[in-house]
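A quick write-up on the structure given underneath.
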Amino acid sequence: MRKMAHRLALFIASAAFCGAAWAQQGSWPNRPVRLIVPTEPGGPTDLAARVLAEKLTAALGQTVLVDNRPGAGQLIGTAAAARSAPDGYTYVAVSMPYVINPALQKKMPYDTLKDLEPVSWLTSLPLVLVVHPSVPAKSVKELVDLAKASPGQLNMASAGNATAPHLAGELFKSSAGISVTHIPYKGGPQAATAMLTGEATFMFNTPSSALPHIKAGKLRALAVTTLTRSSVVPELPTMAESGFPGFEVNVFNGLLAPAGTPRDIVARMQAETAKALALPDVKARFAAVGFDVVGSTPEQFGAFIEKEIAKWRKVVHGAGMSVD
């Protein structure tokens, strides 16, 4: 009888605990939600997070607070999210470094594929392949032919080692089988200046930086790096259309949650995010800075992350890039 009473007590306690947990989860959210941004305020990922936070605050009935935690190539803020309780009250907005860091870092402070789980792919941003007007190449093929005719003679500018423009260039080099000289500058503005003066031959740059100079005739655009044409520069072909099937450099933004976050909460967060991304004013705000709205299921974003990690690991190791 004592054993039966003990088992009954355990059952009642367990049921009460599950009921309380269900009630707490069912009323989610009942307090502010934190959205970690592993970059400084004002950058592309911060912008995407703040636009989303504003709309989610209205949709969820609780404030979504943006928490900037920059540093160490976005590792500090992302690690903070990975260590957070999986209770539905912490998320992190990630971008391209999230899928590059596993190849660059000897020791990661979190497991990229196990400690965080995808909620939604938010936005897509292509890079634009530009050349100085003095370069006779009018297409990607002509640029490749020029590089093959003069191995090591063309200069490729970037915003620095292991930046998106640099990695795009390394992917281009390996895909095209060309040898060019990489010149890493101390940031995007310096690299852009080198392009304008003719010090560098070509560069992969962001639309917001390149477009004013393209329109002024100071740079010539050859292609974009996303798999589909960009709504910002729809007249430009993709690298895939230019003879490099599967070539993709996508400076994305996406939303992750700590692993183990309740599935119904992840589903609610994804659904509200999808609604926010579909709003005309959100699309307009993103288009103003060159973003294309994506939106996805957690499964679709997860598959993209896995593909990107494998791709950049191959590019980084193939280029013999130093690992911190």
Side-chain angles (χ1 to χ4, degrees), residues 10 12-41 45-46 48-95 97-99 101-102 105 107-122 252-277 296-302 304-306 309:
L10 287 176
I12 293 172
S14 176
F17 174 80
C18 290
W22 181 89
Q24 182 179 17
Q25 184 172 315
S27 61
W28 179 90
N30 54 30
R31 56 187 170 87
V33 175
R34 179 175 60 151
L35 176 52
I36 295 175
V37 177
T39 66
E40 294 181 354
T45 304
D46 180 69
R50 290 182 185 278
V51 171
L52 181 63
E54 176 188 319
K55 298 302 181 181
L56 288 178
T57 293
L60 298 175
Q62 289 288 343
T63 303
V64 178
L65 301 168
V66 174
D67 180 8
N68 292 90
R69 296 200 179 189
Q74 301 191 15
L75 290 173
I76 292 175
T78 309
R83 292 191 296 265
S84 297
D87 56 7
Y89 288 93
T90 299
Y91 299 86
V92 60
V94 298
S95 54
Y98 185 73
V99 295
N101 280 328
Q105 304 295 325
K107 186 176 181 180
M108 292 282 291
Y110 53 85
D111 188 310
T112 307
L113 294 177
K114 293 182 179 179
D115 292 342
L116 291 156
E117 62 180 88
V119 177
S120 178
W121 185 349
L122 303 177
F252 69 94
N253 287 303
L255 190 65
L256 303 174
T261 299
R263 298 309 303 164
D264 57 341
I265 292 181
V266 171
R268 170 85 187 280
M269 194 68 165
Q270 185 277 331
E272 297 297 349
T273 296
K275 292 177 185 176
L277 293 175
S296 74
T297 65
E299 292 75 20
Q300 289 168 334
F301 188 36
F304 172 76
I305 288 172
E306 290 188 22
I309 289 173

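Bear in mind that the values here come from a model prediction, so they are computed numbers and not experimental data.
- In this structure the side chain of W28 reaches within 4.5 angstrom of the side chain of M269, judged on heavy atoms.
- Counting only heavy atoms from C-beta outward, the side chains of D46 and E40 never approach each other to under 4.5 Å.
- Contact of the I309 side chain with the T112 side chain is registered, since non-hydrogen atoms from C-beta on lie closer than 4.5 Å.
- The distance from the CG atom of L52 to the OH atom of Y91 is 11.0 Å, given to the nearest 0.5 Å.
- Counting only heavy atoms from C-beta outward, the side chains of V94 and N253 never approach each other to under 4.5 Å.
- For the side chain to side chain contact (heavy atoms under 4.5 Å, CB included) criterion with T90, the lone passing option out of I36, V33, T261 is I36.
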Hey, can you pull the donor-acceptor pairs under 3.5 Å for the side chains in residues 56-65, sequence neighbours left out?
residue	atom	partner	partner atom	Å
T57	OG1	A53	O	2.8
T57	OG1	V64	N	2.9

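- Between E306 and L113 there is a side-chain heavy-atom pair separated by less than 4.5 Å.
- In terms of heavy-atom proximity, T273 sits nearest to L255 at OG1-CD2, 3.9 Å.
- A donor atom on one side chain and an acceptor atom on the other are not found under 3.5 Å apart for Y110 and N101.
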Only pairs under 3.5 Å count here: list side-chain donor-acceptor contacts from residues 73-85, not counting sequence neighbours, and write none if there are none.
residue	atom	partner	partner atom	Å
Q74	OE1	S95	OG	3.4
Q74	NE2	S95	OG	3.0
T78	OG1	Q74	O	2.7
S84	OG	R34	NH2	2.9
S84	OG	A80	O	2.8

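- Scanning for side chain to side chain donor-acceptor pair (under 3.5 Å) contacts around E272 gives R268, with sequence neighbours left out.
- A distance of 9.0 Å separates CG of L116 from CG of D111, quoted to the nearest 0.5 Å.
- S296 is listed as a side-chain neighbour of F301, based on a closest heavy-atom distance under 4.5 Å.
- When all heavy atoms of A93 and P38 are compared, the pair lying nearest together is O-CD, 3.0 Å.
- Annotation: F252 is not in aromatic contact with Y98 [ring centroid separation under 6.0 Å not met].
- Side-chain contact between Q300 and W121: absent, with no pair of heavy atoms (C-beta onward) separated by less than 4.5 Å.
- Exactly one of L256, V266, I305 qualifies for a side chain to side chain contact (heavy atoms under 4.5 Å, CB included) with E117. That residue is V266.
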